[in-house]
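Each remark here refers to the structure printed beneath this line.
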Amino acid sequence: ETGVTQSPTHLIKTRGQQVTLRCSSQSGHNTVSWYQQALGQGPQFIFQYYREEENGRGNFPPRFSGLQFPNYSSELNVNALELDDSALYLCASSLDRVTGELFFGEGSRLTVL
Amino acid sequence: AQSVTQLDSQVPVFEEAPVELRCNYSSSVSVYLFWYVQYPNQGLQLLLKYLSGSTLVKGINGFEAEFNKSQTSFHLRKPSVHISDTAEYFCAVSAPNSGNTPLVFGKGTRLSVIA
């Protein structure tokens with residue numbers, strides 16, 4: 001059974017640029033969630049996708065957007081990067097939307113200069 | 001909306017000593033509760049979960065937690081810690097009967113085990 005994989009693991013961008021982060025969900029999982037973890041903080045919910053549709057969104061501006069593909073993999077896109085977007089971005093997949101039990105990847109660490 | 005408070009940001013403890021990491025939650029509806037562990041430069045790994053049934057939940061690596069509804073707490077305990085338990089621990093809550101159920105995390109407790 002393949003776990004959740006994310007790419008890239010590290011990347012550096014400058015203010016105003018755009019970034020795309022990718023996630024392959026665990027086999028058989030149809031729900032993907034994205035979280036932002038700033039240094040020294042707990043993960044903050046960005047949004048969740050269920051069967052290719054956005055299923056919930058946290059308190060993040062519209063420049064944070066996402067996609068889920070038919071194979072349940074997912075992308076997180078961030079436009080017009082700001083310094084405060086520097087964080088670890090975590091993708092998590094789950095078998096359903098009900099229990100909230102998430103399986104996390106190791107994250108993509110984004111640094112915005 | 002749900003929220004989680006982890007009462008201690010850092011907990012130092014000597015090897016083989018017991019430890020308790022405290023977690024309180026706030027919710028107007030019934031909840032599911034979780035503890036996750038994060039080792040340096042890694043993602044989060046599920047330690048244990050409370051969905052229903054027995055309020056004492058046992059997890060991996062010798063950890064256990066007790067759900068106390070009246071005190072809205074879900075404290076994590078281990079009777080004897082090892083150096084390898086040094087990590088960041090996150091308590092999280094979800095509300096299963098509210099439709100969309102994202103996990104809401106606390107700010108974390110850094111456990112440092114001292115030899």
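In the text below, chain A, chain B and the rest are named by the order of the sequence lines, each starting its count at 1.
- The neighbour count for Gln44(A) CD, taken as heavy atoms of other residues, nucleotides or ligands under 6.0 Å away, does not exceed 12.
- The number of heavy-atom neighbours closer than 6.0 Å to CG of Leu39(A), taken from other residues, nucleotides and ligands shown, is 12 or below.
- Looking only at distances, a side-chain donor or acceptor of Tyr36(B) sits under 3.5 Å from a matching main-chain atom of Leu102(A).
- Heavy-atom minimum distance, Gly42(A) versus Phe90(B): CA-CE2, 3.4 Å.
- Leu48(B) is connected to Tyr39(B) through a chain of hydrophobic side-chain contacts under 4.5 Å among Ile, Leu, Val, Met, Phe, Trp and Tyr, so both are in one cluster.
- Annotation for Arg63(A): atom CZ counts as buried by contact number, over 12 foreign heavy atoms lying within 6.0 Å.
- No part of Gln6(A) comes within reach of chain B, as not one of its non-hydrogen atoms sits under 4.5 angstrom from that chain.
- A 6.0 Å sphere centred on CG of Asn71(A) holds more than 12 heavy atoms belonging to other residues, nucleotides or ligands.
- The choice from Arg110(B), Lys49(B), Gln6(B), Gln45(B) that makes the most heavy-atom pairs within less than 4.5 Å of chain A is Lys49(B).
- Taking both residues in full, the closest heavy atoms of Gln38(B) and Leu88(A) are given as NE2-CD2, 3.8 Å, listed atom of the first, atom of the second, then distance.
- For the atom pair CZ (Phe103(A)) and CG (Leu46(B)), the distance works out to 7.0 Å, reported to the nearest 0.5 Å.
- Looking at Leu44(B), the atoms closer than 4.5 Å to chain A (heavy atoms on both sides) sit in the backbone and in the side chain alike.
- When hydrophobic clusters are built by joining Ile, Leu, Val, Met, Phe, Trp and Tyr residues whose side-chain heavy atoms come closer than 4.5 Å, directly or via intermediates, Val4(A) is not grouped with Val32(A).
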